[in-house]
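Proteins come first, then strands; the chains are lettered A, B, ... in the order of their sequence lines, and each starts at number 1. In what follows, every heavy atom counts, from backbone to side chain, and hydrogens, waters and symmetry copies are set aside. Keep in mind that this is a model prediction, so the values were computed, not measured.
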Amino acid sequence: MREVRIRDTMSGDLLTLDSEREVGIYACGPTVYSRIHIGNARPFVIFTLLARFLRSEGYQAKLAINVTDVNDKIYTAAVERGITSTELAGEMTAAYFEDTGRLGLGRPDSEPLATETIGPIVDLIATLVEEGHAYESGGDVYFSVRSFDGYGKLSHRPTEDMEQGEGDDAGSLKRDPLDFALWKAKKEGEDSSWDSPWGPGRPGWHIECSAMAEAELGQPFTIHGGGSDLVFPHHENEIAQSEAARGRQLARIWMHNGMIETGAEKMSKSVGNIFQLSEALDVYGPETVVAYLISGHYRQPLAFGEGPLEQAAAGNERLRNFLRENPPAGGNESGSGQEAAAGEEVRAAGSRFRDALADDFNTPRAMREAFDLVRAVNQRPEDPALAGAGTELAGMLELVGLGSLAAGGDDGPDAAALKLLEARNTARADKDWARADEIRDQLAGLGWEVRDGADGARLVPRS
RNA sequence: GGCGCCUUGGCGGAGUGGCUACGCAGCGGCCUGCAAAGCCGUUUACACCGGUUCGACUCCGGUAGGCGCCUCCA
């Protein structure tokens, strides 16, 4: 078990995970008012893979990624669509599951919905009211920011500087412009609501995550994550609510991923530069999308565009080519058993790969090890120190969600293709190059690329 | 204005006080009937100006440019 360290947003330090206990990870998922874009996919991929890596190291990881399915934006979007907010949220939640499912990374351990956590939400708000951290006003309930000393400790903002923020309509119901809503009374035109001690209404934006995180992972838990755009106010408010209510820490480590940018701008609906995850998957496929998302360190911004995606695809192709020539031993059949023991260089590469992930989940540095191993084996295929590279590489890639690159081509060549290949071999033996090239073109038309090697020609699916 | 952060070669993107990141693309070569795959080589990389240091892309200060957030109902 490696010592795993994660950069904590609050302290700025690298903090070490406690190997003695369950590592609870809560990542803020999407608000389902539209299909998610590629930027929304980043935290899903990062936290899913982090949990996977931790398990492989022997940690007891539990990952929860919520769905916020009640929110102002959902009401607005539903009206535009002419359907109920419940219908819209249901539809978009299903789309979210489908889109992220296509990434091929499995599901988080739990994926709570806000609308299914109303009980705990109401209880949490009630506790805050009882403790004097919140107050009812005209059917709304607000959190009293000044009642919580630690406010601002995550985003490092002094509360004095926030007082400017007035000018919102609900301000009249607040005692202090800094306060934020925990519960909102049902308004005209809203088509869903829940009963509460303060009358019918719905949760505010931040409280649902406090309630769901506690319900799923207890409090405190280890890692709370999400996009860096959630640091303030969302996560700051979560801390205020949860810690004021329970009198103990919400999460030990705050882990935030950087934004995906197009032309140096954050991808967001208001800017009109969104690229939906489903579109990216349609065009490039899951392996390319995953490879792209891990191509930069999770905390840094990541440039989006055709170039980066195509580069990710090309890199994958190099790995796939290697794995075709050096198939992993594992599996069942054939197995050729020649890869029993991994050579020392191979083991070292695998170790460095995992070290990189353990060091603040540095996926690009990890991939360097994968590519270095590939080159070394291509240089010195017979070196015993490099034995078992295919198996080791497949294991590495599995950790970062690219295990499918090792899956041998779906189906082998069919009879027709094999017959053509044979014909080409004959033509080549006769040095009838024109005929051989003609057949090669025919094979290309069938989706096969011919690669002549020392041990004969081979067919590889065209990419 | 406030808080946080960024600026690396054609592109993406790591990293370190002195040693090739890596990937993609380009160019040259090897291999090959040709091609593909692969291998080798290659194009003055670290925004700018000072400072610290034997030595800075890496530390400190400043300048320029850029990004995120600044309380939901943009």
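Proximity note for A:F180 (side chain, C-beta onward) versus B:U71, B:C3, B:C69: the nearest is B:U71. Comparing atom distances between the A:P364 side chain and each of B:A14, B:C24, B:C22 picks out B:A14 as nearest.
In this structure, A:R175 satisfies the cation-pi test against A:Y135, with its NZ or CZ atom closer than 6.0 Å to the six-membered ring centre and inside 45 degrees of the ring normal.
A salt bridge links A:E325 with A:R458: the distance from a Lys NZ or Arg NE/NH1/NH2 to an Asp or Glu carboxylate oxygen falls below 4.0 Å.
A gap of 33 Å separates the C1' atoms of B:C27 and B:G65, to the nearest Å. The separation of B:U8 from B:G23, taken at their C1' atoms, amounts to 15 Å, rounded to a whole angstrom. Between B:A56 and B:C49, the two C1' atoms lie 15 Å apart (nearest whole Å). Rounded to a whole angstrom, the distance from the P atom of B:C5 to that of B:G10 is 29 Å. Atom P of B:G2 sits at a distance of 31 Å from the matching atom of B:G9, rounded to the whole Å.
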Can you name the atoms? Protein N/O to nucleotides 5-7 of chain B N/O, anything below 3.5 Å, with the distance.
none

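RNA chain B is contacted by A:N362 of residues 350-362 of chain A, taking any non-hydrogen atom closer than 4.0 Å.
Ring centers of A:Y142 and A:F180: at least 6.0 Å apart, outside the cut-off.
If you check B:A21 for Watson-Crick or wobble pairing at under 3.5 angstrom, you find it has no partner at all. Under the Watson-Crick or G-U wobble criterion, with both distances below 3.5 Å, B:G68 is paired with B:C3. Base pairing of B:A47: its partner is B:U63, meeting the Watson-Crick or G-U wobble criterion (both donor-acceptor distances under 3.5 Å).
Heavy-atom neighbours of A:E438 CD from other residues, nucleotides or ligands within 6.0 Å: above the threshold of 12.
Among the atoms of the strands shown, only primed sugar atoms or phosphate atoms (P, OP1, OP2) are found under 4.0 Å from some heavy atom of A:L302.
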Sequence-aligned protein contact record of nucleotides 28-40 of chain B, with B where the base is within under 4.0 Å of a protein heavy atom and S where only the sugar-phosphate is
-----BBBBSSSS
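No hydrogens or angles considered: nothing links the side chains of A:D69 and A:T93 as a donor-acceptor pair under 3.5 Å. Judged by distance alone, the side chains of A:R2 and A:S351 do bring a donor and an acceptor atom under 3.5 Å apart.
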